[in-house]
Amino acid sequence: MAQVLFLGGFGRSGTTLVERLLGELPGMCALGEVVHLWQRDIRDDERCGCGARFSGCRFWRQVGDRAFNGWSNVDVDRVHRLRDAVERTRHIPRLASATGATHEVREYASYFAQVYTAAAEVSGARVVIDSSKHSALAHVLRWADDVDLRVVHVVRDARGVAYSWTKTVSRPETDGVDEMTRYSPGRSAMLWNAHNAAFGLLARRGVPVRRIRYEEFLADPRAALTGLADFAGLPLTPDDLDFLRAGHADLRPGHSAAGNPMRFTVGRLALRRDDAWVRAFPRSQRRLVGAVCGPLLRAYGYPITIASEA
């Protein structure tokens with residue numbers, strides 16, 4: 001049974017940062033956003049976090065050989081049909097019910113389970129990390145027969161998230177041809193509510209869920225990583241955190257299948273909060289997002305009014 005640490009939340013909340021640092025720990029292997037593996041990697045042959053094309057990455061080639069006797073044996077169209085049938089936010093109430101484990105749900109989950117198991121075998125890791133984020137996928141994986149699922153729910157102030165979604169960010173894995181999706185502040189606020197609430201529901205269904213705030217993670221990365229490693233069942237020694245320095249981390253190349261451009265960073269990575277939204281996000285838009293997300297912001301310990309508005 002594959003032991004999986006699933007990083008969940010709404011995009012631009014810091015999951016890639018958390019994944020990169022967790023991936024430096026002994027016994028863990030970071031896989032990136034496996035939800036995109038089928039299209040962006042198997043079909044489109046985009047770049048792995050190591051810089052190589054997916055087809056040219058030795059790690060992923062070995063994973064494909066172990067999981068499916070080669071990636072060419074994966075019916076990507078079938079995976080997409082299953083995704084459309086079961087992995088949608090609107091399907092979460094059904095997935096969370098006692099009758100959520102349909103044949104299609106289990107079949108879709110089995111593709112992920114095979115990847116997780118093969119990646120653990122190839123890497124020798126006890127825990128594999130999937131930073132797919134999608135709340136619906138986490139609910140699907142709850143029904144996987146061969147997955148020991150633990151979820152890290154990463155949250156960030158909704159106003160910082162909304163501001164980030166308004167920015168233009170290129171996707172290096174496409175050699176600058178494509179850009180990441182952008183959302184309006186109103187759309188971002190609604191999605192922030194929906195995805196974060198869905199992880200609360202997952203916890204109420206008995207899945208181990210540990211919530212961590214992006215801002216607190218960066219305030220003390222050493223303590224945060226120690227707590228998350230304990231949650232994953234891999235207690236650390238002080239030497240295991242030697243890659244953390246004052247204000248930065250020293251990162252090795254990884255094999256993230258998809259995700260934020262940070263997955264390509266090797267060497268020094270500054271560990272500082274991105275609070276540009278406090279100055280750059282128009283006040284009217286901050287207030288809109290704060291009003292829409294107010295109940296969950298309060299529940300997560302965020303102030304509704306920030307200092308510049310007081």
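All heavy atoms count here, side chains included; hydrogens, waters and symmetry mates do not.
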* Apply side-chain contact (heavy atoms from CB on, under 4.5 Å) to Leu141 and Val151, showing your working. => CA-CA 10 Å; Leu141 293 175; Val151 174; over 6 Å; no
* Could you give me the CA-CA distance, side-chain angles and deciding distance for Val155 and Arg211, then say whether side-chain contact (heavy atoms from CB on, under 4.5 Å) is met? => CA-CA 7 Å; Val155 298; Arg211 183 182 302 131; 4.2 Å; yes
* Asked: Yes or no on salt bridge (Lys or Arg N to Asp or Glu O under 4.0 Å) for Asp84 and Arg88, after CA distance, side-chain angles and deciding distance?
  -> CA-CA 7 Å; Asp84 293 342; Arg88 288 288 184 267; 2.7 Å; yes
* To do: Report the C-alpha separation of Arg47 and Phe54 in whole Å, then their side-chain angles, then the decisive distance to 0.1 Å, and conclude whether the side-chain contact (heavy atoms from CB on, under 4.5 Å) test is met.
  => CA-CA 6 Å; Arg47 296 190 185 278; Phe54 182 78; over 6 Å; no
* To do: For the pair Asp239 and Thr237, evaluate side chain to side chain donor-acceptor pair (under 3.5 Å) and give the outcome as yes or no after the intermediate values.
  => CA-CA 5 Å; Asp239 292 344; Thr237 68; 5.1 Å; no
* Run the numbers on Leu234 and Met28 for side-chain contact (heavy atoms from CB on, under 4.5 Å), then give the verdict. => CA-CA 9 Å; Leu234 291 175; Met28 292 197 183; 3.7 Å; yes
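Although no hydrogens or angles enter the test, the distance criterion places no donor-acceptor pair under 3.5 Å between the side chain of Arg20 and the main chain of Leu269. In this structure a side-chain-to-backbone donor-acceptor pair under 3.5 Å is missing from Arg40 to Glu46. Between the Arg142 side chain and the Val207 main chain, no donor and acceptor come within less than 3.5 Å of each other. Put simply, the side chain of Ser123 gets close to the backbone of Ala119: a donor and an acceptor are under 3.5 Å apart. When atom types are taken as modelled, the side chain of Asp275 and the backbone of Val278 share no donor-acceptor pair closer than 3.5 angstrom. Within the 3.5 Å criterion, the main-chain N or O of Trp165 finds no donor-acceptor partner in the side chain of Arg182. With hydrogens and angles ignored, the 3.5 Å screen pairs no side-chain donor or acceptor of Tyr183 with any backbone N or O of Ala189. Looking at Arg150, its side chain does come within 3.5 Å of a backbone N or O of Phe231 through a donor-acceptor pair. Remark: side-chain polar atoms of His139 are not paired, donor with acceptor, to backbone N or O of Phe199 under 3.5 angstrom. Checked by atom type and distance alone, the side chain of Glu216 never pairs as donor or acceptor with a backbone atom of Ala224 at under 3.5 Å.
In this structure, the side chains of Leu21 and Phe217 come closer than 4.5 Å at one or more pairs of heavy atoms. Within the 4.5 Å cutoff, side-chain heavy atoms of Leu271 are placed close to those of Leu244. Using a 4.5 Å heavy-atom cutoff, the side chains of Leu225 and Phe243 are in contact. Between Asp240 and Thr226 there is no side-chain heavy-atom pair separated by less than 4.5 Å. Inter-residue side-chain proximity for Val122 and Arg66 is flagged as met; some heavy-atom pair is nearer than 4.5 Å. Put simply, the side chain of Trp143 does not reach to within 4.5 Å of the side chain of Val86, judged on heavy atoms. Between Thr89 and His195 the shortest side-chain heavy-atom distance falls below 4.5 Å. Taking the side chain as every heavy atom from C-beta outward, Trp71 and Asp65 never approach each other to under 4.5 Å.
When all heavy atoms are compared, the tightest approach of Pro185 to Val289 is O-CG2, 3.8 Å. When all heavy atoms of Ala162 and Phe281 are compared, the pair lying nearest together is CB-CZ, 4.0 Å. Taking each heavy atom of Ser13 and Val161 in turn, the nearest pair found is OG-CG2, 3.6 Å. The minimum heavy-atom distance linking Ala96 with Leu201 is given by the pair CB-CD2, 3.7 Å. Heavy-atom minimum distance, Gly14 versus Tyr214: CA-CD1, 4.0 Å. Closest non-hydrogen pair, Ala257 versus Leu37, comes out as CB-CD1, 4.0 Å.
When the side chains of ILVMFWY residues are joined at heavy-atom separations under 4.5 Å, either directly or via intervening members, Leu25 and Leu31 end up in two distinct hydrophobic clusters. Hydrophobic clustering of Ile, Leu, Val, Met, Phe, Trp and Tyr side chains at less than 4.5 Å, counting indirect connections, unites Val34 with Phe59. There is no path of hydrophobic side-chain contacts, each under 4.5 Å, that joins Ile129 to Val4. In the hydrophobic cluster analysis, where Ile, Leu, Val, Met, Phe, Trp and Tyr join through side-chain heavy atoms closer than 4.5 angstrom, Trp277 is grouped apart from Val292. In the hydrophobic cluster analysis, where Ile, Leu, Val, Met, Phe, Trp and Tyr join through side-chain heavy atoms closer than 4.5 angstrom, Val209 is grouped apart from Leu228.
Once rounded to the nearest 0.5 Å, the distance linking CZ of Arg159 with SG of Cys293 reads 8.5 Å. Distance NE2/His91 to OG/Ser135: 12.0 Å, rounded to 0.5 Å. Note that CZ of Arg245 and CZ of Arg222 are 9.0 Å apart. Values are rounded to the nearest 0.5 Å. With values rounded to the nearest 0.5 angstrom, Tyr163 atom OH is found 8.5 Å from Arg279 atom CZ. With values rounded to the nearest 0.5 angstrom, Cys29 atom SG is found 12.0 Å from Glu121 atom CD. To the nearest 0.5 Å, the span separating CZ on Arg273 from CG on Asp157 amounts to 8.5 Å.
Between Arg43 and Asp77 there is a salt bridge, since a side-chain N of the basic residue sits under 4.0 Å from a carboxylate O of the acidic one. Ion pairing between Glu19 and Arg263 fails under the 4.0 Å rule for side-chain N and carboxylate O. A salt bridge links Lys133 with Glu33: the distance from a Lys NZ or Arg NE/NH1/NH2 to an Asp or Glu carboxylate oxygen falls below 4.0 Å. For Glu24 and Arg252, the salt-bridge test passes: some basic side-chain N is under 4.0 Å from an acidic carboxylate O.
Screening Val128, Asp146, Leu149, Val63 for a side-chain contact (heavy atoms from CB on, under 4.5 Å) involving Tyr116 leaves a single residue, Val128. Each of His36, Gln39, Arg53 was checked for a side chain to side chain donor-acceptor pair (under 3.5 Å) with Asp44, and the lone residue meeting it is Gln39. Across Arg83, Arg78, Arg81, Glu87, a single residue satisfies side chain to side chain donor-acceptor pair (under 3.5 Å) together with Tyr108, and that is Glu87.
Centroid-to-centroid, the aromatic rings of Trp38 and Phe112 come within less than 6.0 Å. In this structure, the ring of Trp192 has its center no less than 6.0 angstrom from the ring center of Phe10.
Classified by interplanar angle (parallel below 30°, tilted 30° to 60°, perpendicular above 60°), the ring pair Tyr300/Tyr302 is perpendicular.
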